[in-house]
Amino acid sequence: MKSKVLPSLPLLVAGTVAMPAAAATVSVTVPRINVAEYHKPYVVGWLEPAAGGEAKTVFVWYDVKKGGREPGTKWLSDLRSWWRKGGRSLKLPADGVSGATRAPGTYQVALPANLPAGQYVLKVEAARETGGRELVSVPITLPKGRGAASGKTELGAVTVR
Amino acid sequence: MRTRHALIAAALLAAGLSSPAWAHRQWLLPSTTTLAGTSEYVTVDGAISNDLFYADHFPIDPAQVKVWAPDGSEAKIENAATLRYRSTFDVKIDKPGTWVIGTERSGLMGTFKVNGETWRVGSRGRNGGQFGGAGGAGGPGAPRPGGAPQGQAPRGMGPGSPGGPGGPGGPGGAPMKFVATAAEIPANATDVKLTETIGRNYIYVTADAPTENAYKVTGKGLEFQPITKPGALASDEEGQFRFLVDGKPAAGITVSVVPGSKKFREAEEAQELKTGPDGVLRVKWPVAGMYWLNANVTDTKTSEPRATERRLSFTTTLEVVAP
C-alpha cells in the first residue's frame, strides 16, 4: 500500500509513519553573523489564523535568566510585530514556550498539535542587540502543514514539515 | 472677519497660547510608546517648532504637563528641565497598561474696548479656576479618568513663548492693556469679542497589554478615541481614530497627520484628512516613523455667554513602526 502511493520516496514515508499524525515541526536557522559585537538574537515564532484571529505563540527565545534593573524581558518589545500581535499580553516565562537565546544553528520546534485544522501563517521574528530585526512568514495548512521561507539577514531558513 | 481672526490669533499668541492656525506646532515626543515590563521610564521632549520633531524654536513649560496612570490616578513627571529649544522630563512607568501624558488648557481670550481703548483678555500666569467667576467657562475641561482635577490654568508657554508678530499695539503704539480673566471685564466695556478654547495635547505610553481607561470620554471638547491603538500602529495597516466633540462623533473635521524627519525626504508628506460621518479618521501611513496628529474644530457652542466662538484642538504623537 505505502509503496504504491510513494514508491520512490521510502525515506519520507518512513518519516511520516514515525511522526504523530497532527504534529508539524518548524525548523529555524539562526544564521552566523560576522560582526565585532555579536549578541544572540531574541527569536519568537507564532501562528496566526490566515483569516484573522488570536495569535498563538509557539516559542520565544530571550534572556530568561537576566534579572535586576534591566531584566531580559525588557527587550521583548523589540520583537515588535509579535509584541503587538499578542506578546504584550503573554505572561513570561511560559512553560513550553519560553527558552534561552540560541547560538547560530538550526533548531526544531514542534508546532502545537491541538490547533483546529485550517490555514495559518507561521511567523518567525528575530531582533538582535546592536543588530537588525527581521520577520519571516510561512503560510501553512494544519494539521499537515508544509512550507518554507527564508530570511535575508537576521534569520536563515524557516521550514515547516 | 479675517481681520478679527488675525486679531484673535495675535491675542492668543500674545497670551502665550498656541493658535491652531499657526504653523508653529506644539509637540511631545516620547522615547518610546511601547514598553515591556513595569520597571521602565519613558523620557519625553516637548517643544514648539515648525518642523517635526526638530527642537529649534521654543520649549514647552514642563509645569503644565500632567500624567495619568492606567487606573486614572495622577502621577508625576521627574527630572524636568527647560532647555533653550526644548523641555525634557521622565515618567516612571510602573504600572501595566496605557498611560496618558500631556497638557490640557482651556480659557477665554479676546478683546474689548473701554472708552475707545482696546484691552486684551488673557490669562497670563493666573489660575484657571478664576474663570468660574465669569459665569460659565467653569475651569479647564472635565476631569480626566479617575477624577483628577484639571488644576493648572492656561499659563504662558514659559520663558520664550512664541512672541507673535509684534501684537496689535494699543492706540498710539502703547502696549495693549490686558485683564487676566473675563470676570475682570468691566461693566462699561463695549465690543467684547471673546473666544473660548480647549486644547489638549496627549501622548500615550503602554507597558505590556494596553488598557482602555486612557481613552475614557469626558464629553467635553474635542476628544480622541482610537480604534487602532497608539503603541500598536504599523505602517502597512490603516490607522483608524474616532474624534468626538462634546462626546458625539465629529464628522467631517480636518485632521493634519504629519510625519517627522522631513529633512530626510523630499517632501514633508503631511496629510490633511477629514473624518467620516462616524467621526472616524482613516490614515494611510506614507512611511514608518513618529507622526504628529492635530485636529481643530471651531464652533459656537461656548459655555461663556459673551464668547462668540469656541476653538477646540487635539494633538498627539503616534509611533508607527515598520511592519
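Below, chains carry the letters A, B, ... as their sequence lines are ordered, and counting in each starts from 1.
- For A207(B), no part lies near chain A; criterion is any non-hydrogen pair under 4.5 Å.
- Considering CG of L281(B) and CD1 of I253(B), their distance stands at 8.0 Å, rounded to 0.5 Å.
- Considering CD1 of I48(B) and CD1 of I60(B), their distance stands at 7.5 Å, rounded to 0.5 Å.
- Taking CG of L122(A) as the reference point, atom CG of L47(A) lies at 5.0 Å (rounded to 0.5 Å).
- To the nearest 0.5 angstrom, I101(B) atom CD1 is 8.5 Å from L28(B) atom CG.
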Between chain A and chain B, donor-acceptor distances below 3.5 angstrom:
from, atom 1, to, atom 2, distance (Å)
K74(A), NZ, E40(B), OE1, 3.2
R80(A), NE, A322(B), O, 3.0
R80(A), NH2, A322(B), O, 3.4
R84(A), NH1, E237(B), OE1, 3.3
R84(A), NH2, E237(B), OE2, 3.3
R88(A), O, A209(B), N, 3.2
R133(A), NH1, P323(B), O, 3.0

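- Between the side chains of T29(A) and T106(A), at least one donor N or O sits under 3.5 Å from an acceptor N or O.
- Neither the backbone nor the side chain of P96(B) comes within contact range of chain A; no heavy atom of the residue lies under 4.5 Å from a heavy atom of that chain.
- Distance NZ/K144(A) to CZ/R146(A): 8.0 Å, rounded to 0.5 Å.
- Of the residues considered (A322(B), G231(B), G37(B)), A322(B) shows the highest number of contacts with chain A, using heavy-atom pairs under 4.5 Å.
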Problem set entry | Candidate pair V280(B) and F241(B), rule side chain to side chain contact (heavy atoms under 4.5 Å, CB included), full reasoning | CA-CA 5 Å; V280(B) 175; F241(B) 313 100; over 6 Å; no

